[in-house]
Novice: 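Before I ask anything, let me first share the structure, which is written out below as structure tokens.
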Amino acid sequence: MFKPPPAVKVSPSRPMEPPGSSLFNDHAADKRERLKSNVGYVKSMISRATPAQQAKNEKEFNDVVADYKTLRNLKDYCVHVDLDAFYAQVECLREPKYTRLPMAVGGDSMLSTANYPARKFGVKSGMPGFQAKKLCPQLVILPCDFKLYHKASWSFHQVLSKFDPDVRMAGLDEAYLNLSNFVADAPDGYSMNTVAYDGECQCNRPRKDDITEDDEVISSGDITCTICGMAQLYFNCTMNFSPGIDGMIRMLRMEVAMRTNLSCSAGIASSYYLAKVCSDINKPNGQFILPGDNDALDTFILSSPLKLFPGIGPTSSNSLAEFGIKTVADLLNHKKNLRFMVSNSQYYLLTRIVAGVDCPPDETEESTNETDNGIDSGKTVGTESTFTPTSNQAELVSLIRSFAKSAIESAKGDGVTSVGILFVKVKLGSYDVHTCSQKFNEQVPLTNVELLQNVSETLLTKFIAKQGKKDIRLLGVRYGELGMAPLSKVQTGLKSFLNKPTVGGRCVKRRKLEENTDPVTVIDLE
DNA sequence: TACATACAC
DNA sequence: GATGGTGTATGTA
């Protein structure tokens with residue numbers, strides 16, 4: 001294992017960025033070493049590749065990309081909508097003072113999200129809270145309140161489903177819509193009566209800055225906000241939206257703003273995949289349209305860094321960077337060696353990125369892996385938890401038994417009645433992760449708590465016996481090959497949320513004022 | 001089948 | 001001083 005040489009004290013003041021020797025950093029360093037060594041190995045392979053091989057690779061790449069490009073549907077309007085700094089924004093509705101102060105949601109060990117004032121300090125989601133506090137000592141960290149976020153998400157979904165009844169939520173704060181059929185039917189555009197806000201008070205949306213030259217302010221005034229007690233200016237106005245997709249999406253975002261008091265960003269493109277990339281570009285409170293035009297697509301894609309594309313995470317991104325590949329354009333310069341550098345599935349992901357198309361639709365549309373006997377082999381459900389590292393076996397056994405139990409409870413909540421396989425996950429103090437599993441000869445009913453606990457314990461003790469006495473910092477239990485209760489019992493009617501396909505209820509073809517409709521938030525803050 | 005790695009949110 | 005939890009997909013042997 002790589003160990004840095006002992007630090008030498010040269011100056012009385014600490015250097016700004018101590019590399020910090022810790023098990024976590026050691027683990028990260030190990031990982032970097034492994035990555036580099038693998039890259040070195042691949043480079044040596046490439047140096048021995050024959051020109052014929054490389055020519056073949058290049059042809060394959062071109063053919064696959066050309067093939068994928070035939071799947072471009074340039075006329076489609078795929079839309080990705082994403083609430084900005086979602087948890088933080090919702091917390092600001094409850095406690096408006098945080099709109100201007102650096103604040104994050106999460107815990108000391110991990111932040112789920114940070115508001116924009118905090119981001120100015122370099123605070124980011126995924127960062128441990130204690131590190132964020134070093135960057136920004138005045139940072140306020142609030143605990144997650146998922147009940148509240150679910151309420152906000154529900155309101156968000158309600159607005160979106162008026163624009164596309166088949167809207168697909170991807171988590172609480174983002175959604176995909178298809179507006180391909182919508183845009184043409186309003187030659188004069190749309191208009192909407194609303195109230196925009198300004199002033200000290202930050203409780204309400206849309207904001208005055210959201211008003212454009214196309215809009216008309218009917219009247220205005222100032223009051224004291226009943227929520228935060230600060231000065232609030234209001235502008236009764238008619239917002240007018242241009243007839244194309246741009247206006248439609250601005251209208252959608254304004255409707256989200258008035259119904260939830262939350263800002264969101266949107267990306268519009270000819271594929272969902274690209275729409276998702278686009279929604280980040282003008283975040284927060286903005287939108288970006290990638291025109292449905294082959295040249296525009298190619299230009300956009302080629303200039304984009306690979307790490308912006310979903311599926312290219314830190315590992316792939318760093319690995320490719322070692323080969324000198326940072327953007328899609330770089331990728332094209334390495335066509336002939338790509339096959340050596342990435343796995344088969346990554347290869348096809350990369351070719352799809354170049355082509356700018358979505359995954360081909362799933363053959364088994366809308367279906368689970370559920371078989372006739374009600375076993376869903378694909379899904380898993382489990383519980384895991386991190387604690388102060390310990391090697392005390394009695395403690396560990398007690399923990400794994402309690403996790404086995406809570407995983408049962410969580411499975412029950414998902415309508416599971418029996419399990420066919422059990423996984424135990426162990427993370428050592430060194431951050432190395434291991435899993436052990438036990439497949440059962442027949443389905444074990446969730447009522448058999450003792451058995452599932454015993455098996456979990458056995459897997460753990462066997463693992464410890466094999467590894468020797470080491471500190472453990474995380475344990476988890478997960479069940480697979482789930483036997484499901486009959487669907488009618490479980491289905492809580494998510495599908496029934498989808499409303500009628502009316503285009504934005506109150507959003508009508510361009511015509512003048514009705515009366516002022518209430519801009520009241522639909523999020524009930526208690 | 002059993003385990004490890006990568007990724008999204 | 002200290003770096004998350006849940007679930008899916010995929011690679012390898």
Novice: Begin with the C-alpha distance, continue with both residues' side-chain angles, and end with the deciding distance and a verdict on ring pair (Phe, Tyr, Trp, His ring centres under 6.0 Å) for H334(A) and F323(A).
Specialist: CA-CA 9 Å; H334(A) 291 76; F323(A) 293 106; 7.8 Å; no
Novice: Roughly how many Å is it from NE2 in H27(A) to P in dT5(B), rounded to a whole number?
Specialist: 8 Å
Novice: OP1 or OP2 of dA4(B) versus the side-chain N and O atoms of T435(A): is any pair under 4.0 Å?
Specialist: yes
Novice: E384(A) has an atom CD; how far is it from atom C1' of dT8(C), in whole Å?
Specialist: 14 Å
Novice: Regarding S112(A), tell me which of base, sugar-phosphate or nothing describes its non-hydrogen contacts under 4.0 Å with the strands shown.
Specialist: nothing
Novice: Nearest nucleotide by nearest heavy atom, which residue falls closer to the 5' end of DNA chain B, G171(A) or C436(A)?
Specialist: C436(A)
Novice: Return the orientation label for the H434(A) and F463(A) ring planes: parallel under 30°, perpendicular over 60°, tilted otherwise.
Specialist: tilted
Novice: Would you mind telling me which residue lines up with the more 5' stretch of DNA chain C, G378(A) or P389(A), judged by nearest nucleotide?
Specialist: P389(A)
Novice: Check whether any side-chain nitrogen or oxygen of R478(A) sits under 4.0 Å from OP1 or OP2 of dG7(C), and answer yes or no.
Specialist: yes
Novice: If only side-chain N and O atoms of S345(A) are considered, is one of them under 4.0 Å from the OP1 or OP2 phosphate oxygen of dA9(C)?
Specialist: no
Novice: Distance check needed: dA2(C) P versus Y431(A) OH, whole Å only.
Specialist: 8 Å
Novice: Taking only N and O in the side chain of T315(A), is any of them less than 4.0 Å away from OP1 or OP2 of dT5(B)?
Specialist: no
Novice: At under 4.0 Å, does any side-chain N or O of K276(A) touch on OP1 or OP2 of dC9(B)?
Specialist: yes
Novice: Whether S109(A) contacts dA2(C) is assessed here as follows: a side-chain N or O lying under 4.0 Å from the phosphate OP1 or OP2. Is that the case?
Specialist: no
Novice: Between K379(A) and E481(A), is there a salt bridge with N-O shorter than 4.0 Å?
Specialist: no
Novice: Quick check for you: among dA4(B), dC3(B), dT8(C), whose closest atom lies nearest to any side-chain atom of K379(A)?
Specialist: dT8(C)
Novice: Categorize S410(A) for me: base, sugar-phosphate, or nothing, with a 4.0 angstrom heavy-atom threshold over every strand shown.
Specialist: nothing
Novice: Under 4.0 Å between a side-chain nitrogen and a carboxylate oxygen: does that hold for E91(A) and R94(A)?
Specialist: yes
Novice: Does S343(A) or D108(A) map to a spot on DNA chain C nearer the 5' end, using the closest nucleotide for each?
Specialist: D108(A)
Novice: Consider the side chain of D414(A), meaning its heavy atoms from C-beta on, and name the nucleotide among dG4(C), dA4(B), dG7(C) that approaches it most closely.
Specialist: dG7(C)
Novice: Counting any heavy atom closer than 4.0 Å, what does K134(A) reach on the DNA or RNA strands: base, sugar-phosphate only, or nothing?
Specialist: nothing
Novice: How long is the line joining CG of L83(A) and C1' of dC9(B), in whole Å?
Specialist: 14 Å
Novice: Output the rounded distance in Å from CG (D82(A)) to C1' (dA8(B)).
Specialist: 13 Å
Novice: Strictly below 4.0 Å, N to O, side chains only: are K427(A) and D432(A) in salt-bridge contact?
Specialist: no
Novice: Return the nearest nucleotide to the side chain of K31(A); candidates are dG5(C), dT6(C), dA6(B).
Specialist: dA6(B)
Novice: Expressed as a whole number of angstroms, how long is the span from I312(A):CD1 to dT10(C):C1'?
Specialist: 14 Å
Novice: Ignoring the backbone of F130(A), work out which of dA2(C), dC3(B), dT8(C) is nearest its side chain.
Specialist: dA2(C)
Novice: Is the distance from OP1 or OP2 of dA2(C) to the nearest side-chain N or O of S22(A) less than 4.0 Å?
Specialist: no
Novice: Is S125(A) touching bases, backbone alone, or none of the nucleic acid, heavy atoms closer than 4.0 Å?
Specialist: nothing
Novice: Would you indicate what E174(A) reaches in the nucleic acid, counting non-hydrogen atoms under 4.0 angstrom: base, sugar-phosphate, or nothing?
Specialist: sugar-phosphate
Novice: Are F146(A) and Y87(A) close enough that their ring centres sit under 6.0 Å apart?
Specialist: yes
Novice: Heavy atoms from C-beta onward define the side chain here; which of dG4(C), dG11(C), dC3(B) lies closest to that of M110(A)?
Specialist: dG4(C)
Novice: As a test of reading the structure: which of dA4(B), dA8(B), dG11(C) is closest to the side chain of H434(A), going by heavy atoms?
Specialist: dA4(B)
Novice: Given dA2(B), dA2(C), dG4(C), identify the nucleotide with an atom nearest to the side chain of I421(A).
Specialist: dA2(B)
Novice: Starting the side chain at C-beta, find the nucleotide from dA6(B), dT8(C), dG5(C) nearest to S385(A).
Specialist: dG5(C)
Novice: Using only heavy-atom distances, determine whether the side chains of D84(A) and S263(A) contain a donor-acceptor pair under 3.5 Å.
Specialist: yes
Novice: How many Å lie between CG on L422(A) and C1' on dT1(B), as a whole number?
Specialist: 15 Å
Novice: In whole angstrom, what separates I408(A)'s CD1 from dT6(C)'s P?
Specialist: 15 Å
Novice: So if I take every side-chain heavy atom of T386(A) and compare against dG4(C), dG11(C), dA2(B), which nucleotide ends up nearest?
Specialist: dG4(C)
